[in-house]
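Below is one structure, written out as structure tokens, with a few remarks after it.
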There are 2 protein chains.
Amino acid sequence: MKRPTIADIARRAGVSKGAVSYALNGQPGVSEATRQRIVAIAQEIGFNPNSAARALSGASARAVGLTLARPARILSIEPFFMGLISGFEAELAARSYALTLQVVATPEQEVEVYRRWWGERRIDGVIVTDLREDDVRIPVLQQLQLPAVVIGGPGDTGKIAQVWSDDAGAITETVRYLVALGHRRIARVGGLPDLLHTRTRTRAFEDVCTALGLNEAVTMPSDYTGEEGGRATRRLLIGADRPTAIIYDNDVMAVAGLAVAQEMGLAVPGDLSIVAWDDSPLCSLVHPPLTALSRDIAEYGAHAARELLAAIDGKQVSNVEAGTAHLTPRGSTAPPR
Amino acid sequence: MKRPTIADIARRAGVSKGAVSYALNGQPGVSEATRQRIVAIAQEIGFNPNSAARALSGASARAVGLTLARPARILSIEPFFMGLISGFEAELAARSYALTLQVVATPEQEVEVYRRWWGERRIDGVIVTDLREDDVRIPVLQQLQLPAVVIGGPGDTGKIAQVWSDDAGAITETVRYLVALGHRRIARVGGLPDLLHTRTRTRAFEDVCTALGLNEAVTMPSDYTGEEGGRATRRLLIGADRPTAIIYDNDVMAVAGLAVAQEMGLAVPGDLSIVAWDDSPLCSLVHPPLTALSRDIAEYGAHAARELLAAIDGKQVSNVEAGTAHLTPRGSTAPPR
DNA sequence: AGAATTTACTGAACCGGATAAGTTGTGGAG
DNA sequence: CTCCACAACTTATCCGGTTCAGTAAATTCT
């Protein structure tokens with residue numbers, strides 16, 4: 001089956017290719033009557049502009065890129081990214097932008113992908129996740145002048161816009177809540193230590209614990225996997241003065257932590273309170289359901305997509321905070337026995 | 001920053017554009033010495049061929065498409081799709097194909113996306129998931145002559161290749177295992193009823209139950225969400241002659257079912273055995289860990305990607321079975337009390 | 001040695017849109 | 001009645017690759 005082109009439309013409408021282009025793009029240069037005739041023909045023969053031709057003649061590629069820099073086994077279970085993707089899509093589809101995905105292993109590989117995408121002119125912009133301190137990707141994106149939006153922050157990204165949620169505020173609220181319940185020994189199982197938002201959370205956690213006069217604010221570093229989360233939990237719980245509450249940096253680790261606690265004969269929430277960061281359906285599925293820091297991840301993604309599209313349109317975008325995670329208390333938190 | 005083009009390379013090498021094209025694509029028409037000189041220059045200036053120009057001049061777009069036709073809240077928690085995507089990527093990245101993603105709501109919308117992608121010449125082929133009976137997407141793909149691979153089946157897809165796993169065999173093995181443990185009342189919480197593989201599983205489940213002389217083979221239809229899975233479980237467990245074992249069509253529902261059973265005061269596996277279809281880390285996270293039907297989803301996806309790339313290359317591809325799911329017994333199955 | 005073939009290129013057309021520059025035709029102002 | 005401005009087009013060029021038709025020089029064959 002042959003794809004219809006603007007030349008086909010032009011022939012049927014008895015006008016030139018140029019007129020068709022003007023008509024379909026809402027540009028001046030054709031009368032309203034002709035425009036409607038052309039649009040009708042385009043509709044009728046099911047015309048879609050060849051994205052390659054469009055991209056080649058200077059217009060945008062109408063596509064944005066996203067790299068996922070986590071091992072496959074984490075990606076598959078971590079609901080965060082799929083939520084984010086759903087959010088992007090809602091926004092991108094509305095403006096018929098495509099989303100191009102690539103799974104990578106390291107930030108260096110990610111940089112390579114950006115360079116290739118840029119060179120191939122395959123995408124108009126990228127969404128960057130998992131910001132690190134002195135992130136190698138930022139200077140490359142600036143050098144390439146590739147429109148970008150960073151999810152996570154705040155950090156030093158120069159002119160590249162950031163969309164973030166107030167992680168420090170959320171963790172402060174959580175610790176205050178646990179202290180109000182009567183907890184004094186609160187630990188945390190953190191995410192990948194070199195991610196900027198992990199550092200932000202760790203610092204905020206330490207600050208609020210100090211401010212409230214809690215003896216120690218232990219953060220066990222982890223990697224978002226259930227195995228590591230469970231292991232970190234076990235290490236926290238075997239000590240003599242084990243914590244009475246643990247905050248997890250994602251829901252997967254929290255669920256794993258819950259299983260470990262139960263396996264060790266500890267009652268949740270009686271002996272141990274658990275708070276999960278990011279509230280996926282997973283948190284409500286387990287027993288007891290987990291108290292969680294909820295935020296609308298899809299909306300978070302949609303927000304980022306909107307910012308990126310604005311950046312692609314050449315608008316100056318600034319950093320925006322996309323709503324703080326709020327505590328959703330469920331069955332996994334209670335006063336300590 | 002200006003993107004280097006073959007014209008830049010040609011100028012620096014003192015040859016014509018055509019020669020550069022031949023050299024970089026391994027075509028005959030240039031001497032080995034010239035080729036190496038050109039390749040070296042391309043390397044040096046960091047040349048990447050403009051994908052739009054390439055696609056426009058008849059070559060492939062070097063991209064494949066995948067539509068995800070599930071609501072966002074399911075996508076985010078269902079590990080299956082991310083696993084599949086990881087598998088695709090492994091294969092696609094190796095041949096530097098891009099993956100274009102689109103989230104859609106209905107099969108009709110999906111068809112629209114295929115038509116648009118085809119019209120835009122944005123992709124070279126698509127991967128189709130969630131095959132239904134008399135699937136509306138199949139005739140469209142055939143009409144458009146868009147290379148495609150269907151995941152799931154076997155079904156009637158004409159010349160379009162299928163990659164599937166032997167679901168009937170897997171469910172038969174599972175029921176036999178449960179019966180060997182002493183179970184006589186086995187129920188099932190199924191996936192979306194109009195998906196072909198759900199029907200395949202339901203039929204196989206009924207067949208093996210009949211063959212083994214079990215009184216009834218109840219399948220509660222569901223939609224892969226935890227809520228629905230929990231609800232279906234509750235409905236199954238309130239009856240007088242409640243089942244002693246339940247097979248779930250995905251892991252999310254199985255985890256939800258486990259929580260419901262525990263909430264109703266039933267011991268797992270003492271009072272109720274649970275088997276999950278698809279073995280994500282989720283199954284090992286909960287307590288007790290779930291007996292599951294394991295299959296390598298990433299490899300499944302990689303397999304499909306390979307078939308699709310072969311189809312794009314014009315090779316005749318046939319239907320392939322990509323390995324049966326095998327039972328991984330864990331703590332959630334035992335003889336009934 | 002001369003013809004035939006092969007090698008190693010060059011030049012130009014082409015893909016399908018976007019767009020700048022040029023060409024009509026029409027209506028209103030002077 | 002003429003001139004001008006503007007709408008409504010057409011024509012031609014460009015984007016950056018691929019590829020086909022030439023062409024000159026080198027090599028092989030007889």
Side-chain angles (χ1 to χ4, degrees), chain A residues 1-39 41-42 45-63 96 116-124, chain B residues 1-39 41-42 45-63 96 116-124:
Chain A
M1 204 173 146
K2 202 197 159 297
R3 292 175 180 78
T5 71
I6 53 167
D8 298 325
I9 301 177
R11 205 176 317 113
R12 289 181 59 150
V15 294
S16 69
K17 272 172 55 178
V20 175
S21 180
Y22 290 138
L24 294 179
N25 291 308
Q27 302 276 57
V30 283
S31 65
E32 198 46 41
T34 310
R35 184 189 305 279
Q36 286 182 9
R37 192 154 48 89
I38 288 171
V39 169
I41 293 174
I45 65 177
F47 169 77
N48 286 98
N50 181 321
S51 63
R54 191 178 242 179
L56 188 55
S57 39
S60 79
R62 296 195 85 78
S96 52
R116 187 161 54 75
W117 277 347
W118 174 83
E120 293 179 344
R121 227 179 168 305
R122 198 180 267 285
I123 48 144
D124 302 315
Chain B
M1 204 176 145
K2 201 196 157 300
R3 292 175 181 79
T5 70
I6 54 167
D8 298 325
I9 301 177
R11 203 177 318 112
R12 290 181 61 148
V15 295
S16 69
K17 273 171 55 180
V20 175
S21 178
Y22 291 139
L24 294 178
N25 290 309
Q27 302 275 62
V30 284
S31 66
E32 198 46 42
T34 310
R35 184 191 305 278
Q36 286 181 9
R37 192 155 45 91
I38 289 172
V39 169
I41 294 174
I45 64 177
F47 170 77
N48 285 99
N50 181 319
S51 63
R54 194 176 240 181
L56 188 55
S57 39
S60 79
R62 295 197 86 76
S96 52
R116 186 162 54 75
W117 276 347
W118 175 83
E120 293 179 344
R121 229 183 166 302
R122 197 178 269 285
I123 48 144
D124 302 315

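Fair warning: this is a prediction, and the values are worked out from it, not measured in the lab.
For the helix from C:dA1-D:dT30 to C:dG30-D:dC1, the terminal axes (five pairs an end, C1' atoms, rotation from four pairs onto the next four) enclose an angle of 50°, given to 10 degrees.
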(request) Heavy atoms under 4.0 Å is the rule here; annotate nucleotides 9-19 of chain C 5' to 3' with B where the base is hit, S where only the sugar-phosphate is, and - elsewhere. (result) BB----BBBBB
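What you find for A:Gly119 and B:Arg3 is that their closest heavy atoms are O-CD, 3.9 Å. Heavy atoms only, all atoms of each residue included: B:Gly46 and B:Pro4 are closest at O-CG, 3.8 Å.
How far CG of B:Asn48 is from CH2 of A:Trp117: 13.0 Å, rounded to the nearest 0.5 Å. Rounding to the nearest 0.5 Å places CZ of B:Phe47 at 12.0 Å from CD1 of B:Ile41.
In this view, A:Arg54 satisfies the salt bridge (Lys or Arg N to Asp or Glu O under 4.0 Å) rule with no residue, not counting sequence neighbours.
A heavy-atom distance below 4.5 Å is not found between the side chains of B:Thr5 and B:Asn50. For the pair A:Arg37 and A:Thr34, the minimum side-chain heavy-atom distance is below 4.5 Å. Side-chain contact between A:Ser51 and A:Arg62 is absent, with no heavy atoms from C-beta onward closer than 4.5 Å.
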Donor-acceptor contacts under 3.5 Å from residues 10-20 of chain A side chains, at least two apart:
unit_1, atom_1, unit_2, atom_2, d
A:Arg11, NH2, A:Asp8, OD1, 3.2
A:Arg12, NH2, A:Glu44, OE2, 3.1
A:Ser16, OG, A:Ala19, N, 3.3

For residues 21-30 of chain B, which side-chain N or O atoms pair as donor and acceptor with protein atoms under 3.5 Å away, sequence neighbours left out?
unit_1, atom_1, unit_2, atom_2, d
B:Ser21, OG, B:Asn25, ND2, 3.4
B:Asn25, ND2, B:Ser21, O, 2.9

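The span of DNA chain D lying next to chain B, judged by atoms under 4.0 Å from heavy atoms, is bounded 5' to 3' by D:dG16 to D:dC20.
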